[in-house]
Amino acid sequence: MATLLSPRRFISSLRRLTPSRSKIRVRDLSFTLRVTTRSLTQLGSSSMSQSTTESGPDQRIDEKKAENSDEVLVQYVVLRRDLIDTWPMGSVVTQGCHASVSSIWSHKEDPHTLQYCSPENIDSMHMVTLEVKGEPQILNLSEKLKAGGIAHKLWIEQPENIPTCLATKPYPKSVVALYFKKLKLCK
């Protein structure tokens with residue numbers, strides 16, 4: 001299992017490591033660093049426990065899948081079919097874009113989001129666009145995702161106060177696919 005360190009914590013921690021035990025890889029250009037647990041053997045327990053206490057419910061889910069870093073990351077966007085049938089298509093697509101960007105921006109420091117948006121992955125993002133019948137279904141889905149600890153953005157169009165769509169932050173597909181398996185692809 002690996003942990004992510006900020007550059008400041010990493011540099012101070014690096015001084016305690018011996019070169020023979022260190023295995024360090026730079027994750028991306030934003031200086032998020034991945035350090036294997038073997039290389040953390042000489043770090044104090046306070047720095048290890050600090051990262052555990054800072055994790056929220058969606059980070060705990062992410063940590064379960066951290067071992068399989070080769071798994072496909074996917075962002076799910078769910079639109080309302082009743083709006084697709086009544087609103088101009090451009091307006092509905094715009095709602096999905098709002099939710100997607102908002103979800104990614106809200107979780108910009110998340111390890112999966114950083115990996116999903118990294119320079120080496122930016123041209124191969126995986127996004128699945130699904131649909132639900134209407135407002136009650138999208139609200140119900142949002143509640144199920146909250147209960148399961150799945151971070152997402154329910155986009156509410158203002159000033160009308162209409163929930164139009166939702167988007168998850170990027171997750172490994174195996175973590176979130178079960179929440180969406182009964183939904184239809186948006187066509």
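The residues of the chain are indexed from 1 along the displayed sequence.
Hydrophobic clustering (ILVMFWY, side-chain heavy atoms < 4.5 Å, transitive): Leu145 and Val74 are in one cluster. Tyr76 and Leu185 end up in the same hydrophobic cluster when Ile, Leu, Val, Met, Phe, Trp and Tyr side chains are linked at under 4.5 Å. Connection of Val93 to Leu166 is not established within any shared hydrophobic cluster, with ILVMFWY side chains joined at heavy-atom distances below 4.5 Å, either directly or through further cluster members. Follow the hydrophobic side-chain contacts under 4.5 Å out from Trp105 and you never reach Leu114; the two are in separate clusters.
For the pair Thr94 (side chain) and Gly90 (backbone), a donor-acceptor distance under 3.5 Å is present. The main-chain N or O of Asn140 is never found under 3.5 Å from a side-chain atom of Glu143 such that the two would form a donor-acceptor pair. A distance-only check finds no donor-acceptor pair linking the side chain of Ser142 to the backbone of Ile138 [under 3.5 Å]. Distance alone, capped at 3.5 Å, places no donor-acceptor pair between the Thr129 side chain and the Cys186 backbone. At distances below 3.5 Å, not a single donor-acceptor pair connects side-chain atoms of Gln75 with backbone N or O atoms of Lys169. Judged by distance alone, the side chain of Ser100 and the main-chain N or O of Gly96 form no donor-acceptor pair under 3.5 Å.
When all heavy atoms of Glu120 and Ser124 are compared, the closest pair comes out as O-OG, 4.5 Å. Closest approach of Pro172 and Leu73 over heavy atoms only: N-CD2, 3.5 Å. The minimum heavy-atom distance between Glu135 and Asp82, with the atom names listed, is N-OD2, 4.4 Å. What you find for Tyr116 and Asn121 is that their closest heavy atoms are O-CB, 3.8 Å. Annotation for Tyr179 and Lys144: closest pair CE2-O, 3.8 Å, computed over non-hydrogen atoms. The nearest pair of heavy atoms linking Cys165 to Gln95 is SG-O, 3.1 Å.
Ser102 OG to Leu154 CG: the interatomic distance, rounded to the nearest 0.5 Å, is 10.0 Å. One distance of note links CG of Leu83 with CD of Glu157; it measures 10.0 Å at 0.5 Å rounding. Atoms CE and OG1, from Met127 and Thr168 in turn, are 8.5 Å apart once rounded to the nearest 0.5 Å.
Leu183 meets the side chain to side chain contact (heavy atoms under 4.5 Å, CB included) test with Val78, Leu130, Val132, Leu141, Phe180; sequence neighbours excluded.
Residues in residues 142-165 take part in these ring-ring contact (aromatic ring centres under 6.0 Å, His included) pairs, two or more places apart or across chains: His98-Trp155. The stretch residues 120-139 participates, sequence neighbours left out, in no ring-ring contact (aromatic ring centres under 6.0 Å, His included) pair at all.
Tyr171 pairs with exactly one of Asp110, Ile150, Thr113, Val72 by the side-chain contact (heavy atoms from CB on, under 4.5 Å) rule, that one being Ile150. Under the salt bridge (Lys or Arg N to Asp or Glu O under 4.0 Å) rule, Glu131 has a single partner from Lys187, Lys182, Arg81, which is Arg81.
Val92 is not listed as a side-chain neighbour of Thr164, based on a closest heavy-atom distance of 4.5 Å or more.
With a 6.0 Å radius and a threshold of 12 heavy atoms from other residues, nucleotides or ligands, Lys108 has its NZ atom above the threshold.
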